[in-house]
Amino acid sequence: MSIENGTDLSPKQKELRTGIITYLKNEGFRPELDDDGDILFKYQGEKFYIVVDRQLENPMMVNLISSYTLPQEYSSLIVKVAANDINMYKGVKMVVTPESFQLRAEYFVQEPMAFVTAIEKTVMIVSAAERDLLACFEKAKEQVLK
C-alpha cells in the first residue's frame, strides 16, 4: 500500500510510526504493519492505512488512506468527475488511478502527538466522504452523460 516504502524510515520517522501504533493500541485498535512497513488498522469494519512518507523528515508527512477498487458500473471518467466533489472536503482528497481510487488525508507533523490527536477525527472525515461517494458518482454520471 505504500506511497514510499515504510521500511526505509529514519529514526525520527520510526519514532513517529511507533507513537502512532502505540496510540492506536491504547485506543483499542489492533494495528499491524503491512509488508511495506505501513500501519494497517480497521475502523468500523473499513481498512485504513497510515503511511509515513520516508522522503520528508522536517516536517514529516503522514497519510491516512482508504483504498477502493473502481466500481464496475462507473467509468473512470465518471469517477474522476466525482473526485472533484469529494475533493471539496477539507482535509480529504480522492486520488484516482486506472484500477482504483483512494481517499486520503495528509498531515505535516514534527512530533507524533500532533498526528495522533487528529487520527479519530480524520478517520471520521474520510468515512463521511466514503458515505457520500455513491451520490457523487451518480451526480458525476449525470454530468458526463449530458
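Scope of the values below: all heavy atoms of this structure, side chains included, with no hydrogens, waters or symmetry mates.
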Begin from the C-alpha positions of Leu24 and Ile119 and carry the test side chain to side chain contact (heavy atoms under 4.5 Å, CB included) through to its verdict.
CA-CA 9 Å; Leu24 289 170; Ile119 289 175; 4.1 Å; yes

Go through the structure and list residues passing side-chain hydrogen bond (donor to acceptor under 3.5 Å, both in side chains) with [X], not counting sequence neighbours.
{"X": "Thr22", "answer": "none"}
{"X": "Lys80", "answer": "none"}
{"X": "Asn58", "answer": "Gln110"}
{"X": "Tyr107", "answer": "Thr122"}

Once rounded to the nearest 0.5 Å, what's the spacing between atom [atom1] of [X] and atom [atom2] of [Y]?
{"X": "Leu9", "Y": "Lys14", "atom1": "CG", "atom2": "NZ", "answer": "6.5 Å"}
{"X": "Asp36", "Y": "Tyr49", "atom1": "CG", "atom2": "OH", "answer": "9.0 Å"}
{"X": "Leu56", "Y": "Glu106", "atom1": "CG", "atom2": "CD", "answer": "10.0 Å"}

From CA spacing to verdict: side chain to side chain contact (heavy atoms under 4.5 Å, CB included), Gln102, Val96
CA-CA 7 Å; Gln102 298 175 339; Val96 182; over 6 Å; no

Can you give me every donor-acceptor pair (side chain of residues 133-146, partner residue at least two apart or in another chain, under 3.5 Å) with its distance?
from	atom 1	to	atom 2	distance (Å)
Glu138	OE2	Tyr74	OH	2.3
Lys139	NZ	Asp85	OD2	3.4

What is the minimum heavy-atom distance between [X] and [Y], and which atoms define it?
{"X": "Ile86", "Y": "Ala129", "value": "CD1-O, 3.6 Å"}
{"X": "Val62", "Y": "Ile50", "value": "CG1-CG2, 3.5 Å"}
{"X": "Gln13", "Y": "Asp53", "value": "NE2-O, 3.0 Å"}

[X] side chain near [Y] side chain, heavy-atom distance below 4.5 Å:
{"X": "Val51", "Y": "Ile39", "answer": "no"}
{"X": "Phe115", "Y": "Ile20", "answer": "yes"}
{"X": "Pro31", "Y": "Leu40", "answer": "no"}
{"X": "Phe101", "Y": "Val95", "answer": "no"}
{"X": "Asp38", "Y": "Val52", "answer": "no"}
{"X": "Val126", "Y": "Ser66", "answer": "yes"}
{"X": "Glu130", "Y": "Leu103", "answer": "yes"}
{"X": "Val123", "Y": "Phe41", "answer": "yes"}

Judged by atom type as modelled, is there a donor-acceptor pair below 3.5 Å linking the side chain of [X] to the main-chain atoms of [Y]?
{"X": "Asn63", "Y": "Ile65", "result": "no"}
{"X": "Arg17", "Y": "Lys12", "result": "no"}
{"X": "Asn87", "Y": "Ala83", "result": "yes"}

By salt bridge (charged side-chain N to carboxylate O under 4.0 Å, His left out) - contacts of Lys25 (at least two apart)
none

Evaluate the side chain to side chain contact (heavy atoms under 4.5 Å, CB included) criterion for residues Phe48 and Ser127: first the C-alpha distance (whole Å), next the side-chain angles of each, then the deciding distance (0.1 Å), finally the verdict.
CA-CA 10 Å; Phe48 289 88; Ser127 294; 3.8 Å; yes

With [X] via side chain to side chain contact (heavy atoms under 4.5 Å, CB included) - residues at least two apart:
{"X": "Lys121", "answer": "Met124, Ile125"}
{"X": "Ser75", "answer": "Leu77, Ile78"}
{"X": "Lys42", "answer": "Lys47"}
{"X": "Arg30", "answer": "none"}

Considering residues at least two apart in sequence or located in another chain, which fulfil the ring-ring contact (aromatic ring centres under 6.0 Å, His included) criterion with Phe108?
none

For atom CD of Glu73, is the number of surrounding heavy atoms from other residues, nucleotides or ligands below 6.0 Å larger than 12?
yes

